[in-house]
Asks: 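Dropping the structure in here first, questions after.
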Amino acid sequence: MENLILSIEIVLPLFLVMMVGYACKYFKLIDEPLAKKMNGLVFRVFLPVMLCENIYNSSLDSLLNPGVFVFAGVGIVLMFLLLLFVIPKIEKDRRACGAMIQACFRSNYAYFGIPMVQAILPDSDTSLASLMVVVVVPMFNVLAVIVLEMFRGGKANVGQILKKIATNPLIIGSLAGLIILLTGIKVPAILQRPINDLSKVATPMALFLLGASVDFSKAGAHVRQLSICVLCKLALFPLIAVSIAAMLGMRGVELACMLLAFGSPTAVNSAVMAQQMGSDGDLATEAVVFTTAFSAFTMFLFVFAFKTLGWV
């Protein structure tokens with residue numbers, strides 16, 4: 001019973017913030033154009049500052065286990081290749097194939113995963129969760145472009161892809177924090193307070209806007225495809241990943257990072273990318289809606305199981 005209550009206390013507050021965002025949009029306190037602008041602000045300012053601060057305030061010990069980063073990278077590639085083989089065999093519409101594959105492997109790690117890791121282990125050094133961004137965000141972006149190009153028959157602009165990765169604010173913020181950590185640069189005291197204040201805005205604002213981005217009016221037109229996406233994204237892949245990670249001896253923050261890297265709901269901006277690259281934009285949007293909604297239940301079950309087993 002204690003673990004059950006603790007799991008509710010961890011998961012529920014995060015989703016209540018998301019529900020407030022959804023309610024504000026429903027009651028027209030915030031509209032879609034404003035939500036997009038605020039998303040851009042979080043993406044370009046608040047999250048990069050938070051990642052930078054988390055990393056440069058961390059211990060160098062978090063870098064002494066490269067196996068965690070290798071595991072995440074190899075796991076993402078294997079997951080991608082498996083989907084690339086299986087999905088075209090069960091879905092004949094090529095545009096839908098691209099959207100489904102992206103929805104199944106591309107996690108909303110920065111917006112959803114990092115806050116969840118911090119909530120699961122509030123008294124631990126969770127800087128590893130921030131460092132993971134350097135690995136997972138570029139991989140998700142590159143693989144998403146590859147699969148969407150493959151299933152629309154277009155030609156990828158390699159230069160543009162590399163430019164977007166190199167200028168991604170989340171990666172820049174993570175690398176800045178890593179440089180400060182490795183070089184031992186002291187952040188001036190006059191800067192520490194505003195950095196800390198901006199960092200505190202990131203998590204609640206990201207969750208609020210994630211809730212505001214959910215639009216159930218566009219959901220439900222692709223029941224079979226969405227069922228596959230939700231099952232793979234929220235249950236099958238995270239279950240496989242954390243089971244292998246646990247067998248390899250990962251516990252605590254490491255295991256929580258693996259859960260959220262593989263089990264977070266589909267990235268919100270995956271729908272925008274699908275629309276821009278000639279994929280099935282409606283299916284991609286619905287995948288974001290359903291994986292975000294059902295993640296409340298799957299995350300609760302995973303956290304409850306982890307607490308019961310003593311893994312976190």
Side-chain angles (χ1 to χ4, degrees), residues 14 18 21 35-36 38-40 42-44 46-48 50-51 72-73 75-77 79-80 83 98-117 129-130 132-149 161 164-165 168-171 173-174 202-203 205-215 218-219 225-226 228-230 232-234 237-238 241 257-277 279-296 298-299:
L14 301 181
M18 290 174 59
K36 286 183 178 180
M38 292 173 67
N39 255 315
V42 171
F43 180 69
R44 291 176 175 84
F46 298 126
L47 278 176
M50 182 193 76
L51 293 172
I76 290 169
V77 171
M79 178 171 58
F80 176 78
L83 290 165
M100 289 176 67
I101 293 171
Q102 181 186 218
C104 288
F105 82 84
R106 189 175 181 184
S107 293
N108 200 5
Y109 179 76
Y111 276 64
F112 182 90
I114 294 174
M116 183 63 76
V117 173
S130 298
M132 286 282 293
V133 168
V134 181
V135 176
V136 301
V137 170
M139 293 190 70
F140 285 148
N141 278 276
V142 171
L143 295 176
V145 171
I146 290 172
V147 72
L148 293 176
E149 290 289 356
I161 296 170
K164 287 182 179 179
I165 293 172
N168 187 303
L170 303 183
I171 296 174
S174 300
T203 294
M205 184 64 75
L207 292 170
F208 174 88
L209 293 171
L210 185 58
S213 68
V214 174
D215 187 353
K218 299 178 181 177
Q225 294 94 331
L226 288 172
I228 294 171
C229 291
V230 171
C232 290
K233 186 76 205 70
L234 300 181
F237 288 136
C257 287
M258 292 305 106
L259 169 62
L260 275 305
F262 290 93
S264 294
T266 303
V268 174
N269 58 357
S270 65
V272 177
M273 185 178 287
Q275 293 165 356
Q276 292 176 345
M277 297 184 64
S279 184
D280 190 330
D282 290 339
L283 175 56
T285 301
E286 292 161 15
V288 172
V289 170
F290 274 92
T291 55
T292 300
F294 280 101
S295 64
T298 56
M299 279 300 123

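Source: prediction; values computed, not measured.
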Asks: Looking only at atom types and distance, does a side-chain atom of T266 sit under 3.5 Å from a main-chain N or O of A103, one as donor and one as acceptor?
Replies: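 Flag set: sc T266 to bb A103 pair under 3.5 Å.
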Asks: Decide yes or no for I114 and L260: does some side-chain heavy atom of the first lie under 4.5 Å from some side-chain heavy atom of the second?
Replies: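 In short, these two side chains do not touch, never coming nearer than 4.5 Å.
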Asks: Which atom names give the shortest non-hydrogen contact between L234 and S295, and what distance separates them?
Replies: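 Closest heavy-atom pair between L234 and S295: CD1-N, 3.6 Å.
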Asks: Got a second to check how far D280's CG is from Q225's CD, nearest 0.5 Å?
Replies: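 Going from CG on D280 over to CD on Q225, the span is 8.0 Å.
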Asks: Kindly indicate, with the supporting measurements, whether the criterion side-chain contact (heavy atoms from CB on, under 4.5 Å) is fulfilled by M132 and V117.
Replies: CA-CA 12 Å; M132 286 282 293; V117 173; over 6 Å; no
Asks: When you compare the side chain of C257 with that of Y109, does any pair of heavy atoms fall below 4.5 Å?
Replies: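 A side-chain contact exists here, since the closest heavy-atom pair is under 4.5 Å.
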Asks: How many angstroms lie between atom CZ of F208 and atom CG of N39, to the nearest 0.5 angstrom?
Replies: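 It is 10.5 Å, given to the nearest 0.5 Å.
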Asks: Might you point out which heavy atoms bring L143 and F80 nearest each other, and give the distance in Å?
Replies: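 Where L143 meets F80 most closely, the heavy atoms are O-CE1, 3.5 Å.
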Asks: Judged by atom type as modelled, is there a donor-acceptor pair below 3.5 Å linking the side chain of S264 to the main-chain atoms of A261?
Replies: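 No, S264 side chain to A261 backbone: no donor-acceptor pair under 3.5 Å.
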Asks: Using every non-hydrogen atom in the two residues, find where V42 and A206 come nearest and quote the distance to one decimal.
Replies: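 Here V42 and A206 meet closest at CG1-CB, 4.1 Å.
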Asks: Where does the angle between the aromatic ring planes of F140 and F105 fall among parallel (under 30°), tilted (30 to 60°) and perpendicular (over 60°)?
Replies: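 Answer is tilted, since the angle falls between 30° and 60°.
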Asks: Show the nearest heavy-atom pair for residues A35 and L209, with the distance to one decimal.
Replies: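 In this case the closest contact between A35 and L209 is O-CD2, 4.1 Å.
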Asks: Nearest 0.5 Å, what's the CD1-CZ distance between I76 and R106?
Replies: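 So the CD1 of I76 and the CZ of R106 are separated by 11.5 Å.
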Asks: Within the structure provided, determine whether V289 and L226 are in side-chain contact (heavy-atom separation under 4.5 Å).
Replies: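 Heavy-atom side-chain distance check fails, nothing below 4.5 Å.
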Asks: Could you pull out the closest heavy-atom pair between C104 and L83, with the gap in Å?
Replies: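 Looking at all heavy atoms of both residues, the shortest contact is CB-CD1, 3.6 Å.
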Asks: To the nearest 0.5 Å, tell me how far F237 CZ sits from L259 CG.
Replies: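 One gets 15.0 Å once the value is rounded to the nearest 0.5 Å.
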Asks: Considering non-hydrogen atoms only, spot the tightest contact between L47 and A110 and give its length.
Replies: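 L47 and A110 have their closest heavy atoms at CD2-O, 4.1 Å.
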Asks: From M100 CE over to C229 SG, what is the distance, rounded to the nearest 0.5 angstrom?
Replies: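 It comes to 4.5 Å.
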Asks: First locate atom CE of M116, then atom CG of L207, and finally report the distance between them rounded to the nearest 0.5 Å.
Replies: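 With rounding to 0.5 Å, CE (M116) is 8.0 Å from CG (L207).
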Asks: Could you verify whether a donor N or O on one side chain and an acceptor N or O on the other, from S107 and K233, lie under 3.5 Å apart?
Replies: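 A donor-acceptor contact under 3.5 Å links the two side chains.
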